Amino acid sequence: MTPEQFRSNGHALIDWIANYIEGVERYPVNSRAQPGDIRASLPEHPPMAAEPFADVLADLDRVVMPGITHWQHPRFFAYFPANNGYASILGELAAAGLGVQGMSWVTSPACTELETLMMDWMQEALALPDRFRSTDARGGGVIQGSASEATLVSILAARWRATNGAVNTTGDTSKLVAYATAQAHSSIEKGLRLAGIGTAHLRIVAHDNSFAMVPADFASLVDADRLAGLVPFWVCGTVGTTSSMAFDPIGAIGDTARQNSIWLHVDAAMSGIAALAPEYRWVNEGLELADSYCTNPHKWMGVNFDCDLFYTADRAALLGALSILPEYLRSAAAESGAAIDYRDWQIPLGRRFRALKLWFTIRDGGIGEAIEMIRAHVSLTQDLATWVAADDRFEIVAPHPLNLLCLRLVAGDAATDALIAAANDTGVALFTRTVLDGKVACRVSVGGRATGQLDVRAAWQLLQDVAG
Ligand SMILES: *Cc1c(COP(=O)(O)O)cnc(C)c1O
């Protein structure tokens, strides 16, 4: 592709993207493809000869689109959102255009310094504790690909601290024990497996009828493990669980964690972003006790996947666990302590210039645009809750202070399963099934950038219609 072809193909692609986003409502929300359909519509072998870009673009429509579930659709109420935004898409494009690999400060100083500034901007915008700022010698933040990676690096830092670094050489994790509720994200068990702790050393702490951790149960499990000669080392408190958006009492968990030198990680992947709006800053309760924290602009802020903000108040432990310094990566800037090498804050060595899409998004809409979106989603969810409560065929099964509503049919599990299947089958809207303390529920996650009142009304109409 020549530069001239790049210009014209690029313009064509930008038009294609804008047309797609503008017209996304014309598609059924979920893909109708059967396994194997997409591959079967493409040649089995790569072409030896060049093909025109126009053909590739045409195949995007012909082959790829039928295999797309439309996450940007305003009636996508499934999972949690993965919003993009025009400014973010352009930031992504700029990152690809620059093509830098920002593993170290010296490999592109702007890549590191813009990221550090974005982490500090977001610390301020979210009103997070100052100990997470990069200007605090002991703390700081970094963009991870996902909350799952944030969980893993948090476990690794905690593991390093609990063993005074010995784990790096001995690999001995046999005494370490971790804690979370059954409502916590699956990445916690995965992270513990990866870190050599193992599922058998994950204690499942009781939750109450709002699906939040019972701190007294956490304290007694810790006592029992200590008595048994084990080393409680890591606890995850969740701010907005995936299944029902429950809020663990972080302050109370943090008190026990402090008393027992346990690393407190707070997973606020979805709901942490709510703190952009001052009236929702209660989601930050107890964070001054957290050793690490994460939240995802790629869910609720219009920054396209992947962009997870990971903060720690103990960067020494993180670096202790993750820094590796072969000769070819040495630099005077890093050795003087004047520069950050983010490769030591994450699992991979290489890293993309992800700060650009956050920077573009914040500058394009200000923090104010995200706040407006958050407020609108919360308000729409509360409207929906009022409508659901007025229909005696339905019941609401979990508290819903923000933008997730979990409902079910009073008629029971089989009826609720049939409701979800029938609703999703229409392609008009998309919901996710969950099970809360043994009961099937339909999650309605109101988080699409383009989702408005008509969409929430349509979703409710659909649920009422298929409820029969
Ligand atoms: C979505 C979610 C995750 C996983 O986020 P990724 O960034 O996709 O890994 C983890 N924890 C909670 C509470 C979530 O809602």
Side-chain angles (χ1 to χ4, degrees), residues 69 71 76-84 88 122 126 141-156 178-194 202 205 207 210-213 234-250 253 264-275 283-287 290 292-311 346-348 351-352 354 357-358 374 377 381 398-406 432-434 436 443-448:
T69 287
W71 285 70
F76 181 95
F77 299 100
Y79 311 103
F80 279 145
N83 283 309
N84 65 13
S88 172
M122 287 301 294
L126 292 164
V142 62
I143 298 177
Q144 302 280 347
S146 71
S148 311
E149 288 170 54
T151 303
L152 176 57
V153 297
S154 160
I155 292 168
L156 297 175
Y179 307 81
T181 70
Q183 303 297 311
H185 194 257
S186 56
S187 57
I188 285 154
E189 184 178 344
K190 195 191 253 187
L192 290 167
R193 280 197 217 163
L194 283 165
L202 168 60
V205 185
H207 58 264
S210 72
F211 306 99
M213 185 185 288
W234 187 83
V235 60
C236 181
T238 308
V239 170
T241 58
T242 314
S243 195
S244 74
M245 204 174 267
F247 294 88
D248 287 340
I250 302 302
I253 296 166
L264 169 60
H265 176 63
V266 176
D267 174 5
M270 172 69 202
S271 303
I273 292 294
V283 299
N284 290 344
E285 179 272 329
L287 283 190
S292 57
Y293 172 84
C294 78
T295 190
N296 284 355
H298 70 228
K299 280 184 172 165
W300 208 9
M301 214 183 127
V303 178
N304 63 286
F305 196 86
D306 51 348
C307 183
D308 167 87
L309 310 178
F310 174 75
Y311 293 96
Q346 62 172 23
I347 308 292
R351 55 202 330 276
R352 303 191 309 117
R354 285 180 292 222
K357 59 189 172 188
L358 190 54
I374 289 160
H377 289 153
T381 309
H400 47 86
L402 294 178
N403 64 330
L404 179 73
L405 193 71
C406 296
T432 304
R433 173 189 187 270
T434 192
L436 290 165
R443 294 167 73 269
V444 185
S445 161
V446 183

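Everything numeric in this text was worked out from a predicted model, so none of it was measured. Numbering of ligands and ligand atoms starts at 1, following listing order.
Using a 30° and 60° split on the angle between ring planes, His298 and Phe305 fall in the tilted class, from 30° to 60°. In this structure, His265 and Trp234 have parallel ring planes: the angle between them is below the 30° cut-off, well short of the 60° mark. Aromatic ring pairs are classed by plane angle as parallel below 30°, tilted from 30° to 60° and perpendicular above 60°; the pair His377 and Trp300 is parallel.
You'll find the ring centres of Trp71 and Tyr79 inside the 6.0 Å limit.
Between Cys307 and Lys357, the closest heavy-atom pair is CB-CE, 4.1 Å.
Close contacts of ligand 1 with His298, meaning ligand atoms under 4.0 Å from a residue heavy atom, involve 7 (O). Here is the list of ligand 1 atoms found below 4.0 Å of a heavy atom in Phe80: 15 (O). The atoms of ligand 1 that sit less than 4.0 Å from any heavy atom of Thr242 are 12 (C), 13 (C), 14 (C), 15 (O). Using a 4.0 Å cut-off to heavy atoms of Lys299, the atoms of ligand 1 that qualify are 1 (C), 2 (C), 3 (C), 4 (C), 5 (O), 14 (C), 15 (O). Atom numbering of ligand 1 starts at 1 in the shown order; those under 4.0 Å from a heavy atom of Gly240 are 13 (C).
At under 3.5 Å, not a single nitrogen or oxygen of Phe305, backbone or side chain, sits near a nitrogen or oxygen of ligand 1. Residue Ser148 has at least one nitrogen or oxygen atom sitting less than 3.5 Å from a nitrogen or oxygen atom of ligand 1, judged on distance alone.
Salt bridge status for Asp308 with Lys299: absent, with no side-chain N to carboxylate O gap under 4.0 Å.
The closest approach between Asp308 and ligand 1 stays at or above 4.0 Å for every heavy atom of the residue.
Checking side-chain atoms of Thr151 against main-chain N and O of Ser187 turns up no donor-acceptor pair under 3.5 Å. Looking at Arg443, its side chain never comes within 3.5 Å of a backbone N or O of Phe77 through a donor-acceptor pair.
Nearest protein heavy-atom neighbour of atom 5 (O) of ligand 1: Ala147 CB, 3.4 Å. Looking only at heavy atoms of the protein, atom 11 (N) of ligand 1 is closest to Asp267 OD2, 2.6 Å.
Counting heavy atoms closer than 4.0 Å to ligand 1, residue Glu149 contributes nothing at all.
Counting only non-hydrogen atoms, the option in His185, Met270, Lys190 that gets closest to atom 4 (C) of ligand 1 is His185.
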